[in-house]
Number of protein chains: 2
Amino acid sequence: MLTIGKLAKKTGTKVQTIRYYEQIELMPEPGRTEGGQRRYGDAELDRLSFIRHSRQLGFSLDAIRELLDLSDNPDRPCNEADAIARRQLKQVEQRLSRLDALRTELKRMVRECSGGHTSDCRVLEVLRDHSECLTDHQDLND
Amino acid sequence: MLTIGKLAKKTGTKVQTIRYYEQIELMPEPGRTEGGQRRYGDAELDRLSFIRHSRQLGFSLDAIRELLDLSDNPDRPCNEADAIARRQLKQVEQRLSRLDALRTELKRMVRECSGGHTSDCRVLEVLRDHSECLTDHQDLND
DNA sequence: TCTTGACCCTCTAGCTGCTAGAGCATTTAT
DNA sequence: ATAAATGCTCTAGCAGCTAGAGGGTCAAGA
């Protein structure tokens with residue numbers, strides 16, 4: 001039987017976070033000692049590890065809820081879990097390409113820093129210059 | 001003179017967001033009509049564009065506050081702005097490498113989906129299997 | 001000039017995913 | 001028996017917005 005602190009250590013989660021997961025019903029209410037302290041068994045350890053692992057992979061708590069649900073019902077078709085993973089993959093790839101563009105831009109900014117005063121600092125200039133970024137949302141009538 | 005709605009459109013910001021920026025003093029209090037509606041000029045348009053552009057590059061509101069401060073004081077040395085940009089670049093690169101690892105893992109999960117029932121779904125199995133991820137935080141005494 | 005509809009106002013509360021702190025109780029080792 | 005370490009609940013806070021209620025204002029057309 002594990003105290004909440006030990007469970008936290010074993011899973012690399014914070015104590016508060018575990019209680020939070022209980023509150024939002026991602027983790028079940030555990031048993032308690034006479035004095036009212038939580039005690040956890042292996043099932044909870046597994047579940048929390050699953051959650052933590054999923055979080056590290058960038059799944060939202062809602063997605064994790066779905067995944068836990070699927071894994072609690074082994075008769076449901078696998079493609080639901082697959083779909084969640086695919087959705088997640090798509091999001092990750094989108095984030096990656098955006099970040100990649102940012103990196104390029106930031107590198108350019110840093111490379112071109114004048115080294116002088118802010119009045120001719122390229123970093124600020126790039127940020128100030130919005131001539132190229134008025135395309136997406138710009139309504140030319142206004 | 002722009003209404004808040006026009007300003008929002010021109011900068012691709014939501015109206016509520018502009019008011020929020022005013023509230024946290026990232027944007028100045030604008031002039032008002034007799035009836036109490038906000039009216040904006042070019043200075044505000046520029047400032048908001050700067051903010052928006054910086055946000056798109058992933059800067060935090062705090063970082064943006066610093067940057068705006070620098071750009072208001074053209075005599076300060078450029079390297080402060082440079083440092084902020086470098087910090088940002090570092091963060092972006094960290095996020096990139098983490099995301100890249102995630103993508104690999106997710107791709108593997110999706111590739112190996114059994115197509116059958118969740119009971120032997122690789123997606124769930126990978127998530128459940130924490131044998132490799134007990135290294136960082138694991139205290140072997142517990 | 002009046003009306004209408006699009007816009008604007010403030011205020012409060014909500015979202016995600018935690019995290020921190022106050023003030024107190026329990027557990028465990030010595 | 002005592003004291004340190006850990007646990008408890010409750011409330012509030014963080015970033016960075018977003019949404020909705022319940023109303024007021026503005027500008028264009030009839």
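Every chain is numbered from 1 and lettered A, B, ... according to where its sequence line falls, protein lines coming before strand lines.
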Would you mind classifying the nucleic acid contact of B/Ile4 as base, sugar-phosphate or nothing, using non-hydrogen atoms under 4.0 angstrom?
-> sugar-phosphate

Atom pair distance, as rounded to whole Å: NZ in A/Lys6 and P in C/dT28 = 9 Å

Taking only the side-chain nitrogens and oxygens of A/Thr33, find out if one of them lies under 4.0 Å from OP1 or OP2 of C/dT27.
-> yes

Of B/Gln23 and B/Val15, whose closest DNA chain C nucleotide lies nearer the 5' terminus?
-> B/Val15

Classify the side-chain pair B/Arg39/B/Gln37 by whether it contains a donor and acceptor separated by less than 3.5 Å.
-> yes

Under 3.5 Å donor-acceptor, B/Arg52 side chain and B/Gln56 backbone | no

For B/Leu26 and D/dC17, what is the distance between atoms CG and C1' respectively, to the nearest whole Å?
-> 13 Å

How long is the line joining CD of B/Glu29 and P of C/dC9, in whole Å?
-> 13 Å

Picking from D/dG7, D/dT25, C/dA20, the nucleotide nearest the side-chain atoms of A/Gln37 would be D/dG7

Rounding to a whole Å, what distance do you find between B/Tyr40:OH and C/dC8:P?
-> 10 Å

Under 4.0 angstrom between A/Arg32 side-chain N/O and C/dT27 OP1 or OP2 = no

A/Leu2 CG to D/dG7 P, in whole Å, measures 11 Å

Determine whether any donor atom in the side chain of A/Gln16 lies under 3.5 Å from an acceptor atom in the base of C/dA20, or the reverse, and answer yes or no.
-> yes

With a cut-off of 6.0 Å (strictly less than), are more than 12 heavy atoms of other residues, nucleotides or ligands near CG of A/Asp42?
-> no

Grab the CD-P distance between A/Glu22 and C/dC18 for me, whole Å please.
-> 16 Å

Taking only the side-chain nitrogens and oxygens of A/Tyr21, find out if one of them lies under 4.0 Å from OP1 or OP2 of C/dC18.
-> yes

Value in whole Å for how far the P atom of D/dT6 lies from CG of A/Leu7 | 15 Å

Does A/Thr3 have a side-chain nitrogen or oxygen under 4.0 Å from the phosphate oxygens OP1 or OP2 of D/dT6?
-> no

Looking only at side-chain N and O atoms, does A/Arg38 come under 4.0 Å of OP1 or OP2 in D/dT9?
-> yes

Looking only at side-chain atoms of B/Arg19, point me to the closest of D/dC8, C/dC8, D/dG16.
-> C/dC8

Please determine, for the side chain of A/Thr17, which listed nucleotide (D/dT25, C/dC18, D/dG16) has the closest atom?
-> C/dC18

Assign each of B/Arg39 and A/Tyr20 to its nearest nucleotide of DNA chain C by heavy atoms, then name whichever residue's nucleotide is nearer the 5' end.
-> B/Arg39

Report the C-alpha distance between B/Arg86 and B/Asp82 in whole Å, list the side-chain angles of each, state the deciding distance to 0.1 Å, and finish with yes or no for salt bridge (charged side-chain N to carboxylate O under 4.0 Å, His left out).
-> CA-CA 6 Å; B/Arg86 272 175 206 280; B/Asp82 187 53; 2.9 Å; yes

Taking NZ, NE, NH1 and NH2 as the nitrogens, is one of them in A/Glu22 or A/Arg38 under 4.0 Å from a carboxylate oxygen of the other?
-> yes

In whole Å, what is the span from the CZ atom of B/Arg55 to the C1' atom of D/dC17?
-> 9 Å

